[in-house]
Colleague: 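I'd like to ask some things about the structure below.
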Amino acid sequence: MSDGFEILETHRCFGGTQGFYQHRSTATGTPMRFSVYLPPQAEKGPVPALYYLSGLTCTADNVTTKGGAQRYCAEHGLAFVAPDTSPRGDGVPDDAHWGLGQGAGFYLDATQAPWATHFKMATYTVDELPALVKARFPIDADRWGLTGHSMGGHGALTLALKHPERFRSLSGISAIVAASQVEWGRGPLRAYLGDDPAAWAEHDACALLRARGWHGDVLLDQGEADGFLDGLRPELFEAACAEAGVPLTLRRHAGYDHSYYFVGTVIGDHVAWHAERLYGA
């Protein structure tokens, strides 16, 4: 089957190129949009990539247009890849609540009806999209960092911990770190995976960290005025890192909320964090 790859639009940006693309996903059975920023260094050869996973209700466009990562990626020589948060379109199940369904894929492979047919976001995120990007862009697929915001922070932490061979560096912004322990996560996990808490634990960053560890260090940023703090619980991840012996830099920011104003404030530090580890690896 052809991947149906399309260039939707491209723009010059900080000496590089910001592009928006679409292809036909075999994992989800739907068209999927994503964005790629190529820094000017990519004109001379493959560059490492920072993979960014977005949060609930977002698309591939939100961080690309609001986050401001391109300036820093151009400075440090990193590509910036942002997939969508779920399959979309006619025939794709949805839910009236913003925390489930389209825009809320939770970066897992659903096993329960009606979600199991299309909601294969773990397979898409870890396997399908990186392979496509490697084939079509000057990106060094052996040097990938992973980060994300909110639900995307959950996805970054859980997918990296489950696939350490794929990702060399890891960070999160306002991340859901204990999805099976907070209602923000338990509802979607129950809907996508059924009533088995053991299955939920496979998508809980704190549980995975204790069970599997991590080969490097982790950066986590959290706003202290975040209205969703009860569902994020960074102190649980701090405790899990201490127990697992994983070095954690947890930065708490007074007065900052859950918005892209916060993401834009810290994204430059995350790009620099990943660049240091990806170029130094």
Side-chain angles (χ1 to χ4, degrees), residues 2-27 32-54 60-61 63-65 67-84 107 121-148 152 155-157 159-172 214-219 267-281:
S2 169
D3 64 11
F5 179 80
E6 298 178 60
I7 301 172
L8 301 178
E9 55 184 280
T10 60
H11 307 273
R12 292 294 289 172
C13 184
F14 295 106
T17 301
Q18 177 63 64
F20 296 86
Y21 308 93
Q22 181 171 284
H23 72 114
R24 179 76 182 178
S25 168
T26 56
M32 293 292 290
R33 283 174 52 95
F34 65 98
S35 72
V36 175
Y37 175 70
L38 292 175
Q41 295 86 340
E43 295 178 4
K44 298 180 180 179
V47 295
L50 179 56
Y51 208 177
Y52 179 97
L53 307 184
S54 295
D61 295 0
V63 70
T64 307
T65 57
Q70 294 94 335
R71 176 190 298 271
Y72 306 104
C73 287
E75 177 184 349
H76 292 284
L78 291 187
F80 192 84
V81 180
D84 201 348
Y107 303 100
M121 287 302 295
T123 296
Y124 178 75
T125 305
V126 173
D127 295 324
E128 185 174 15
L129 184 56
L132 183 149
V133 168
K134 179 180 179 180
R136 292 187 176 271
F137 299 91
I139 288 177
D140 182 351
D142 293 325
R143 290 188 292 165
W144 282 72
L146 188 55
T147 191
L157 294 171
L159 293 177
L161 292 172
K162 293 173 78 169
H163 301 280
E165 75 286 354
R166 297 289 184 91
F167 303 105
R168 294 195 182 187
S169 54
L170 176 60
S171 71
W214 173 245
H215 56 63
D217 50 0
V218 182
L219 171 64
I267 194 67
D269 292 341
H270 284 253
V271 171
W273 167 279
H274 287 273
E276 181 179 354
R277 285 148 184 80
L278 294 174
Y279 274 103

Colleague: How many angstroms lie between atom CG of L129 and atom CG of D84, to the nearest 0.5 angstrom?
Modeller: 10.5 Å
Colleague: Identify, with sequence neighbours excluded, every residue that meets side chain to side chain contact (heavy atoms under 4.5 Å, CB included) alongside Q41.
Modeller: P39, V47
Colleague: Centre-to-centre under 6.0 Å for Y124 and H23, is that the case here?
Modeller: yes
Colleague: Which value, rounded to the nearest 0.5 Å, describes the distance between H215 atom NE2 and L170 atom CG?
Modeller: 8.0 Å
Colleague: What heavy-atom pair brings I267 and Y72 nearest, and what distance separates the two atoms?
Modeller: CG2-CE1, 4.1 Å
Colleague: Treating E128 as the side-chain partner and T26 as the backbone partner, does any N or O pair qualify as donor plus acceptor under 3.5 Å?
Modeller: yes
Colleague: With sequence neighbours excluded, tell me which residues meet ring-ring contact (aromatic ring centres under 6.0 Å, His included) with Y21.
Modeller: F5, F34, F137
Colleague: So, for A156 and G148, which heavy atoms are closest and what is the spacing to 0.1 Å?
Modeller: CB-N, 3.9 Å
Colleague: Just jot down the side-chain hydrogen bond (donor to acceptor under 3.5 Å, both in side chains) partners of H76, sequence neighbours excluded, or say none.
Modeller: none
Colleague: For atom NZ of K162, decide whether the heavy atoms of other residues, nucleotides or ligands shown that lie under 6.0 angstrom number more than 12.
Modeller: yes
Colleague: Listed by chain and number, what are the side-chain hydrogen bond (donor to acceptor under 3.5 Å, both in side chains) partners of T123, not counting sequence neighbours?
Modeller: D109
Colleague: Any luck finding a side-chain donor-acceptor pair between T64 and Q18 under 3.5 Å?
Modeller: no
Colleague: To the nearest 0.5 Å, what is the distance between OG on S54 and CG on D61?
Modeller: 9.0 Å
Colleague: I need the minimum non-hydrogen distance between A49 and I139, along with the two atoms involved.
Modeller: CB-CG2, 3.7 Å
Colleague: List the residues meeting side-chain hydrogen bond (donor to acceptor under 3.5 Å, both in side chains) with D142, not counting sequence neighbours, and say none if there are none.
Modeller: none
Colleague: Could you measure the distance from the OH atom of Y107 to the CG atom of L146? Nearest 0.5 Å is fine.
Modeller: 9.5 Å
Colleague: Would you give the length of the straight line joining atom CZ of F20 to atom OG1 of T10, rounded to the nearest 0.5 angstrom?
Modeller: 10.0 Å
Colleague: Could I get the full list of salt bridge (charged side-chain N to carboxylate O under 4.0 Å, His left out) partners for R71, not counting sequence neighbours?
Modeller: none
Colleague: Test your reading of the model: is there a side-chain donor-acceptor pair from T147 to the backbone of S171, 3.5 Å cut-off?
Modeller: yes
Colleague: List the atom of G155, the atom of L53, and the distance in Å for their closest heavy-atom pair.
Modeller: C-CD1, 3.6 Å
Colleague: Suppose we screen for side chain to side chain contact (heavy atoms under 4.5 Å, CB included). Which residues come up paired with S169, at least two apart in sequence or across chains?
Modeller: H274, R277, L278
Colleague: Which residues satisfy the ring-ring contact (aromatic ring centres under 6.0 Å, His included) test with Y37, sequence neighbours excluded?
Modeller: none
Colleague: Should L78 and Y279 be marked as a side-chain contact (heavy atoms from CB on, under 4.5 Å) after you check the CA-CA gap, both sets of side-chain angles, and the distance that decides it?
Modeller: CA-CA 9 Å; L78 291 187; Y279 274 103; 4.0 Å; yes
Colleague: State, yes or no, whether a side-chain contact exists between W273 and D217 at a heavy-atom distance under 4.5 Å.
Modeller: yes
Colleague: Going by the rule side-chain hydrogen bond (donor to acceptor under 3.5 Å, both in side chains), which residues pair with Y51 if we only count those two or more places apart in sequence or in a different chain?
Modeller: none
Colleague: Quick one: side chain to side chain contact (heavy atoms under 4.5 Å, CB included) partners of E165, sequence neighbours excluded?
Modeller: H163
Colleague: Measure the spacing between CH2 of W144 and CG of L50 and express it to the nearest 0.5 Å.
Modeller: 9.5 Å
Colleague: What residues, two or more places apart in sequence or in another chain, satisfy salt bridge (charged side-chain N to carboxylate O under 4.0 Å, His left out) together with D140?
Modeller: R143
Colleague: Locate the shortest heavy-atom distance separating A60 from S35; write the atom from each residue and the value.
Modeller: O-OG, 3.7 Å
Colleague: Could you tell me whether the side chain of Y52 and the main chain of A69 form a donor-acceptor pair under 3.5 Å?
Modeller: no
Colleague: Hey, could you give me each pair passing salt bridge (Lys or Arg N to Asp or Glu O under 4.0 Å) that has a residue in residues 37-49? Not counting sequence neighbours.
Modeller: R12-E43
